[in-house]
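Down below is the structure, laid out as structure tokens.
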2 protein chains.
Amino acid sequence: MIPILAQSPAPTSHRQEMSTRCSACSMHQICLPTGLKEADMDRLDQIIGRRRKVPRDTHLYRVGDPFTKLYAIRLGHFKTHQVNPNGDQQVTGFQMAGELLGMDAISTERHHCDAIALEDSEVCEIPFSRLEGLFGEMPPLLHHFHRMMSQEITREQSVMLLLGNMRAEQRFAAFLTNLSSRYSVRGYSSTSFQLRMTREEIGNYLGLTIESISRLLSKFKKRGWIKVSNRDLELLEPGMLKAVAAGTQTCA
Amino acid sequence: MIPILAQSPAPTSHRQEMSTRCSACSMHQICLPTGLKEADMDRLDQIIGRRRKVPRDTHLYRVGDPFTKLYAIRLGHFKTHQVNPNGDQQVTGFQMAGELLGMDAISTERHHCDAIALEDSEVCEIPFSRLEGLFGEMPPLLHHFHRMMSQEITREQSVMLLLGNMRAEQRFAAFLTNLSSRYSVRGYSSTSFQLRMTREEIGNYLGLTIESISRLLSKFKKRGWIKVSNRDLELLEPGMLKAVAAGTQTCA
DNA sequence: CGCCTAATTGACTCAAGTCAAATTCTGTGG
DNA sequence: CCACAGAATTTGACTTGAGTCAATTAGGCG
């Protein structure tokens with residue numbers, strides 16, 4: 001299953017095919033530190049176990065699964081959700097290409113949430129102990145990893161702000177604005193994209209019901225701020241949405 | 001300001017006084033990895049800049065401050081809160097001795113929240129770049145650090161679950177239960193402790209108003225589950241509180 | 001003792017939830 | 001290509017849990 005997992009480095013000529021090398025990945029600017037040396041890139045390629053396809057609606061991992069690997073999303077979208085003892089669940093995030101999954105499992109060596117592909121996706125499996133092994137010799141890689149964990153902490157804090165303080169309309173505007181900027185960073189349109197998740201998943205993430213999401217979509221549409229057709233979304237007034245998210249504008 | 005910051009290791013006889021060494025700190029079991037060698041402990045002591053006292057109601061850092069250090073709480077309690085552009089704030093956590101503050105600032109090298117002492121407190125300042133320098137040579141320390149960051153991610157995810165899914169009564173029960181278990185880990189009573197924060201801060205953290213917190217306290221008191229007198233709290237029925245938090249029990 | 005802030009309690013309101021029904025999509029098989 | 005079943009979404013009518021506003025009460029401290 002695992003291709004070239006050289007304990008001793010494989011000769012250059014035998015290394016993995018172009019399409020699966022970090023240096024050839026369109027996401028390496030987000031996923032990896034800038035200015036990593038060619039040789040270091042190769043060493044990284046060597047510890048990456050394999051590229052795994054994850055079909056739509058399939059689990060990448062589940063609560064309680066033992067943790068051994070992190071996953072870098074090469075392609076596609078995921079959601080993560082927590083399940084409480086009582087059985088009800090909370091979507092804790094939507095992840096897209098270039099983002100890292102599984103960091104919450106490091107502390108207990110068990111996954112704390114389920115990760116599910118929202119569409120046919122592909123991830124790189126990164127055995128964590130081997131990655132930690134590299135850190136000692138590649139400080140920029142370590143620093144980048146810390147930045148990614150830190151970023152996840154920051155992201156979650158802003159969700160806490162959203163869930164704890166904002167009204168429905170603000171939450172949803174913040175959600176759209178957030179997606180917009182993430183697509184923009186990835187070189188996609190910031191004003192026109194597809195929602196990869198159902199209304200129900202959005203609602204769950206934002207602490208609202210599916211009906212509320214539906215009503216908000218209608219309201220924003222009526223105001224002329226967005227154009228919606230099923231999962232296709234166009235932001236006609238991104239500035240307004242930002243203002244609503246910031247709380248400096250309402251839509252009454 | 002900075003005491004012994006030996007570039008070359010200081011001779012053993014000159015090292016910091018006992019009371020400020022990691023090995024002598026009552027929190028080192030929580031703060032540091034278990035089984036760190038004596039020599040490694042010494043090297044750690046040498047990079048710790050100083051122990052700083054933080055008087056009650058005083059900022060340890062503010063949003064936007066440049067990030068250079070992490071802070072390990074030696075003594076006391078803190079709260080962190082986010083402030084959104086509009087000015088309203090969300091308490092994102094209450095931290096106690098042995099916990100680490102500032103990890104959210106690594107990604108941008110600026111703090112993303114305010115950290116404020118809830119009582120007269122004391123922290124160890126840990127220059128982050130020096131800490132990263134040690135990681136290469138002390139893998140267990142690195143691993144422990146990753147566990148602490150990961151734990152913070154997990155903690156925030158459960159707050160998301162709380163804010164997104166739970167009713168007021170569940171949230172508050174979960175909050176009390178959480179404090180209880182954290183005191184327990186630190187060797188304090190799990191059923192009798194002081195609330196170091198105001199009702200208002202609790203409410204803000206839980207996405208509720210001060211009035212709701214007050215009503216919940218009264219309700220739990222009437223049920224005979226707790227005893228309250230100002231900030232002093234006693235959990236008479238921790239099992240009930242856990243059940244309410246889990247959603248398997250209501251208090252109607 | 002008296003001032004100021006924190007907390008409690010009650011009465012009323014409202015934003016978002018619940019329930020229900022209608023409509024639109026999606027995918028599958030004939 | 002069309003019909004149809006099941007799922008997802010939208011919309012409306014009504015309910016409710018928690019918020020708001022206001023008035024007390026209790027504590028902390030100079």
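For clarity, every value in this text was computed on a predicted model and none was experimentally measured. In the text below, chain A, chain B and the rest are named by the order of the sequence lines, each starting its count at 1.
- Defined by atom type and a distance below 3.5 Å, a donor-acceptor pair is present between the side-chain atoms of T209(B) and S212(B).
- For the pair R171(A) CZ and dA15(C) C1', the computed distance is 11 Å after rounding to whole Å.
- Listed for the Q90(B) side chain is a donor-acceptor partner under 3.5 Å among the backbone atoms of N204(B).
- Rounded to an integer number of Å, the gap from CG of L195(A) to P of dC25(C) is 15 Å.
- A side-chain donor-acceptor contact under 3.5 Å links S150(A) to the backbone of S107(B).
- The distance from atom CD of E169(A) to atom P of dA16(C) is 8 Å, rounded to the nearest whole Å.
- In terms of the side chain to side chain donor-acceptor pair (under 3.5 Å) criterion, D65(B) has no residue partners (sequence neighbours excluded).
- Note: CZ (F172(B)) to C1' (dA18(D)) measures 15 Å, nearest angstrom.
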Original post:
Between Y188(B) and F193(B), is a ring pair (Phe, Tyr, Trp, His ring centres under 6.0 Å) present by the stated rule, with each step listed?
Top reply: CA-CA 8 Å; Y188(B) 299 114; F193(B) 47 85; over 10 Å; no

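- To the nearest 0.5 angstrom, M197(A) atom CE is 13.0 Å from F78(A) atom CZ.
- Rounded to whole Å, atom P of dG28(D) lies 11 Å from atom CZ of R56(B).
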Original post:
What is the per-nucleotide protein-contact pattern of nucleotides 5-15 of chain D, from the 5' end, where B denotes a base atom under 4.0 Å from a protein heavy atom, S denotes such proximity for sugar-phosphate atoms only, and - denotes neither?
Top reply: ----SBBBB--

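- Of the two residues contacting DNA chain C, namely A168(A) and S229(A), the nearest-nucleotide position lying further toward the 5' end is that of A168(A).
- Shown are L163(A), V159(A), N165(A); of these, the side chain to side chain contact (heavy atoms under 4.5 Å, CB included) with L163(B) is made only by L163(A).
- Counting non-hydrogen atoms under 4.0 angstrom, G203(B) reaches nothing in the nucleic acid.
- Put simply, CD on Q170(B) is 14 Å from C1' on dA18(D), counting in whole angstrom units.
- Annotation: the terminal axes of the helix from dC1(C)-dG30(D) to dG30(C)-dC1(D) meet at 40°, where each axis is the rotation carrying the C1' atoms of four end pairs onto the next four (5 pairs per end, rounded to 10°).
- Between the side chains of T80(A) and Q95(A), a donor-acceptor pair is found at a separation under 3.5 Å.
- Regarding D232(A), its CG atom lies at a distance of 18 Å from the P atom of dT24(C), rounded to whole Å.
- The CG-C1' distance, from L208(B) to dA7(C), rounds to 16 Å in whole Å.
- E99(A) places a side-chain N or O within 3.5 Å of a backbone atom of M96(A) that can act as its donor or acceptor partner.
- Remark: R167(B) is in phosphate contact with dA18(D), judged by side-chain N or O atoms under 4.0 Å from OP1 or OP2.
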